[in-house]
Amino acid sequence: MAAGAAAGAWVLVLSLWGAAVGGRNITARIGKPLVLNCRGAPKKPPQQLEWKLNTGRTEAWKVLSPQGGSWDSVARVLPNGSLLLPAVGIQDEGTFQCRATSRNGKETRSAYQVRVYQIPGKPEIVDPASELMAGVPSKVGTCVSEGGYPAGTLNWHSDGKPLIPDGNGVSVQEETRRHPETGLFTLQSELTVTPAWGGAPHPTFSCSFSPGLPRHRALHTAPIQLRVWEPVPPEVQVMVQPEGGKVVLGGTMTLTCETPTQSSLQIHWIKDGTPLHLPPSPVLLLHEVQREDQGTYSCIATHPSHGPQESPAVHVIVEAEEGPIAGSVEGQELGTVALVLGILGGLGIAALLIGAIKWRRQRRGREERKAPENQEEEEECAELNQPEEPEAAESSAARP
Ligand SMILES: *[C@@H]1O[C@H](CO)[C@@H](O)[C@H](O)[C@H]1NC(C)=O
Ligand SMILES: *[C@@H]1O[C@H](CO)[C@@H](O)[C@H](O)[C@H]1NC(C)=O
């Protein structure tokens with residue numbers, strides 16, 4: 001009984017000492033052997049030494065002596081006093097302490113904090129995208145790291161620079177799973193980016209695994225290169241019916257806002273620079289057009305990813321029913337042309353008449369000399385010919 005109480009007190013003292021000392025940090029790879037040296041111990045038996053450990057396998061402190069015992073498969077004290085763990089596992093993480101007394105009676109203590117690690121497989125980007133759309137949140141891919149311990153972290157890089165998730169242009173969805181038997185971690189990180197307009201056209205993305213232990217190297221995936229599409233902003237324009245934008249007073253005019261992508265667009269209308277308070281619609285109907293309806297019209301198409309786009313303005317002209325001023329201007333011009341043509345025609349006829357009269361007089365002179373008896377017939381012919389002459393004159397005048 002007294003011995004048990006003494007041992008309990010000894011354990012308490014040791015645990016306090018262990019907590020206070022802390023000791024050297026040792027990292028050991030899972031599955032590999034680990035040797036911890038007991039400082040101050042004689043190289044060969046007989047030795048006065050004791051190993052104590054508090055790990056995932058022990059319920060409290062476990063004491064190991066050079067004589068060995070049932071823990072041979074997990075840990076055993078070597079002839080030179082060192083402690084050997086033939087194959088460390090996650091459960092061997094914990095505190096190891098040795099207390100040795102040299103031949104001349106000097107006591108030395110050693111303490112270790114053992115942590116284990118496993119290097120995961122090279123991280124990979126699965127389901128990588130091939131193209132991204134500027135201004136549109138798009139999934140780049142999922143980075144996967146399998147079989148690591150401790151969990152560590154996954155980080156994304158673009159064109160060599162770290163991508164910090166800001167929830168705005170860059171977002172990351174992470175998942176950590178642990179293998180039920182091995183206790184090793186599988187990390188997943190899905191990256192979604194919204195490429196900026198006018199950004200790099202061929203950005204590269206890579207992912208790296210950072211171990212959760214100091215002085216351990218990060219592992220990098222092979223980079224993937226993506227193409228960023230910049231969709232041409234849709235051309236927005238207003239079509240008017242009737243064409244030309246002229247409508248008579250009291251008539252009907254239809255304005256249609258034309259966009260390449262009709263879906264998911266909100267169309268608003270603007271008249272003379274002021275928004276019209278109408279429900280959004282791609283068609284604006286003007287019934288019984290009034291003078292006040294005259295003006296410039298444009299439409300604004302609001303696209304969820306491109307923002308609003310305004311069409312060029314079209315002019316709507318309201319005309320009185322009798323005929324527009326523009327029409328009378330045209331009439332006047334036509335009248336002038338007709339007048340000029342008429343004068344030219346008249347001059348042509350006059351010239352021809354003069355010519356015909358001269359020709360007839362010359363001919364009559366010759367006929368008189370030749371056959372005076374046929375005079376009446378000749379005059380008839382001349383008279384019949386006369387009405388044909390203005391026709392010829394007209395056709396020549398019409399040709400410019
Ligand atoms: C051991 O690691 C702990 C954290 O895990 C740290 O606070 C301590 O300073 C380390 N000790 C040595 C000796 O490096
Ligand atoms: C004790 O022996 C082991 C295995 O033979 C060796 O790795 C270790 O370094 C030795 N320890 C000392 C303090 O020499």
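Index from 1, following the sequence.
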> Would you say the side chains of T274 and D272 form a donor-acceptor pair under 3.5 Å?
Replying inline: no
> Who pairs with E146 by side-chain contact (heavy atoms from CB on, under 4.5 Å), at least two apart in sequence or on another chain?
Replying inline: V144, T186
> Looking only at heavy atoms, which two atoms of H220 and K122 are closest? And how far apart?
Replying inline: O-CE, 3.1 Å
> Is L85 close to F96 at the side-chain level, that is, under 4.5 Å between some pair of heavy atoms?
Replying inline: yes
>> If you compare all heavy atoms of V240 against all heavy atoms of G245, which two are closest, and at what distance to 0.1 Å?
In response: CG2-N, 3.8 Å
>> Pair H216, T27 - check side chain to side chain contact (heavy atoms under 4.5 Å, CB included), show working.
In response: CA-CA 10 Å; H216 281 248; T27 56; 3.9 Å; yes
>> With rounding to the nearest 0.5 angstrom, report the CG to CD distance, L255 to Q241.
In response: 10.0 Å
>> Quick one, P128 and V140 - any side-chain contact, counting heavy atoms below 4.5 Å?
In response: no
> So, for G135 and T194, which heavy atoms are closest and what is the spacing to 0.1 Å?
Replying inline: C-CG2, 3.5 Å
> If you round to the nearest 0.5 Å, how far is CD of Q266 from OG of S281?
Replying inline: 11.0 Å
> Quick one: disulfide bond (SG atoms under 2.5 Å apart) pairs with a partner in residues 141-197, sequence neighbours left out?
Replying inline: C143-C207
> What pairs meet the salt bridge (charged side-chain N to carboxylate O under 4.0 Å, His left out) rule with one or both residues in residues 77-93, with sequence neighbours excluded?
Replying inline: R57-D92
> When rounded to the nearest 0.5 angstrom, what is the spacing between OH in Y297 and NZ in K271?
Replying inline: 4.5 Å
> Does the pair V314 and S298 meet the rule for a side chain to side chain contact (heavy atoms under 4.5 Å, CB included), with working shown?
Replying inline: CA-CA 6 Å; V314 294; S298 58; over 6 Å; no
> How far apart are the C-alpha atoms of H157 and S208, what are their side-chain angles, what is the distance that settles it, and do they pass the side chain to side chain contact (heavy atoms under 4.5 Å, CB included) test?
Replying inline: CA-CA 8 Å; H157 312 264; S208 68; 3.0 Å; yes
>> Can you confirm whether Q188 is buried at CD, in the sense that more than 12 heavy atoms of other residues, nucleotides or ligands lie under 6.0 Å from that atom?
In response: yes
>> By the salt bridge (charged side-chain N to carboxylate O under 4.0 Å, His left out) test, which pairs, at least two apart or in different chains, include something from residues 163-179?
In response: E175-R177
Under 3.5 Å, which donor-acceptor pairs link side chains of residues 30-46 to any protein atom two or more places apart or in another chain?
unit_1: N37; atom_1: OD1; unit_2: S82; atom_2: OG; d: 2.6
unit_1: R39; atom_1: NH2; unit_2: R109; atom_2: O; d: 3.0

>> Going by ring-ring contact (aromatic ring centres under 6.0 Å, His included), name the pairs with one or both residues in residues 124-153, residues two or more places apart or in two chains.
In response: Y149-F185
> Do side-chain atoms of Q237 reach the backbone of T256 as a donor and acceptor pair under 3.5 angstrom?
Replying inline: no
> Do the side chains of L53 and I90 join up, straight or via other hydrophobic residues, at under 4.5 Å, putting them in one cluster?
Replying inline: yes
> Linking I/L/V/M/F/W/Y whenever their side-chain heavy atoms sit closer than 4.5 Å, directly or via other members, would V289 and L278 fall into one cluster?
Replying inline: yes
>> Whether the side chain of S158 engages the backbone of L163 through a donor-acceptor N/O pair (distance < 3.5 Å, no angle test) should be reported.
In response: no
>> Return the CD to OG1 distance between Q173 and T192, rounded to the nearest 0.5 Å.
In response: 7.5 Å
> Between the side chains of Q118 and R29, does any donor sit under 3.5 Å from an acceptor?
Replying inline: yes
> Taking all non-hydrogen atoms of both residues, which atom of T221 and which atom of P123 are closest, and how far apart?
Replying inline: CG2-O, 3.1 Å
> Can you name the side-chain hydrogen bond (donor to acceptor under 3.5 Å, both in side chains) partners of S189, sequence neighbours left out?
Replying inline: W156
Under 3.5 Å, side-chain donor or acceptor atoms of residues 199-206 against the rest of the protein: list the pairs with distances, not counting sequence neighbours.
unit_1: T204; atom_1: OG1; unit_2: D159; atom_2: OD1; d: 2.9

>> Hydrogens and angles aside, do Q113 and T95 bring a side-chain donor and acceptor to less than 3.5 Å of each other?
In response: yes
>> If I compare all heavy atoms of E288 with all of D293, which pair ends up nearest, and what's the gap?
In response: O-OD2, 4.3 Å
> CG/L64 to CG/L49 distance, rounded to the nearest 0.5 angstrom?
Replying inline: 10.5 Å
> Under a single-linkage definition using a 4.5 Å side-chain heavy-atom cutoff for Ile, Leu, Val, Met, Phe, Trp and Tyr, are L286 and L249 assigned to the same hydrophobic cluster?
Replying inline: yes
> ring pair (Phe, Tyr, Trp, His ring centres under 6.0 Å) with H179: which residues, sequence neighbours excluded?
Replying inline: none
> So which heavy atom on C299 is nearest to which on V236, and how close?
Replying inline: SG-CG1, 3.6 Å
>> If hydrophobic residues (ILVMFWY) are linked whenever their side-chain heavy atoms come closer than 4.5 Å, directly or via other members, who joins L213 in its cluster?
In response: Y117, I119, L154, L187, F209, L219
>> Around atom CD of E131, are there more than 12 heavy atoms from other residues, nucleotides or ligands closer than 6.0 Å?
In response: yes
>> As a test of understanding, state which of H315, E319, M253, Q294 forms a side-chain contact (heavy atoms from CB on, under 4.5 Å) with K246.
In response: E319
>> Please check: side-chain N/O of W269 versus main-chain N/O of C257, any donor-acceptor pairing under 3.5 Å?
In response: no
> Going by side-chain heavy atoms closer than 4.5 Å, which hydrophobic residues are tied to I270, directly or by a chain of links?
Replying inline: I300
> Do the charged groups of R99 and E50 touch, with an N to O distance under 4.0 Å?
Replying inline: yes
>> Is there a continuous path of hydrophobic side-chain contacts, each under 4.5 Å between heavy atoms, that joins L276 to V316?
In response: yes
> Taking a hydrophobic cluster as the set of Ile, Leu, Val, Met, Phe, Trp and Tyr residues connected by side-chain heavy atoms closer than 4.5 Å, whether directly or through intermediates, do L83 and I26 fall within one such cluster?
Replying inline: yes
> Looking at NZ of K52 and SG of C98, how far apart are the two atoms once the value is rounded to the nearest 0.5 Å?
Replying inline: 11.0 Å
> Does the pair L284 and V238 meet the rule for a side chain to side chain contact (heavy atoms under 4.5 Å, CB included), with working shown?
Replying inline: CA-CA 10 Å; L284 178 64; V238 175; over 6 Å; no
> Just checking, is any N or O donor in the side chain of T302 or H268 under 3.5 Å from an acceptor N or O on the other one?
Replying inline: no
>> Other residues, nucleotides and ligands only: do more than 12 of their heavy atoms fall within 6.0 Å of CZ on R217?
In response: no
> Which residues pass the side-chain contact (heavy atoms from CB on, under 4.5 Å) test with T101, sequence neighbours left out?
Replying inline: Q48, E107
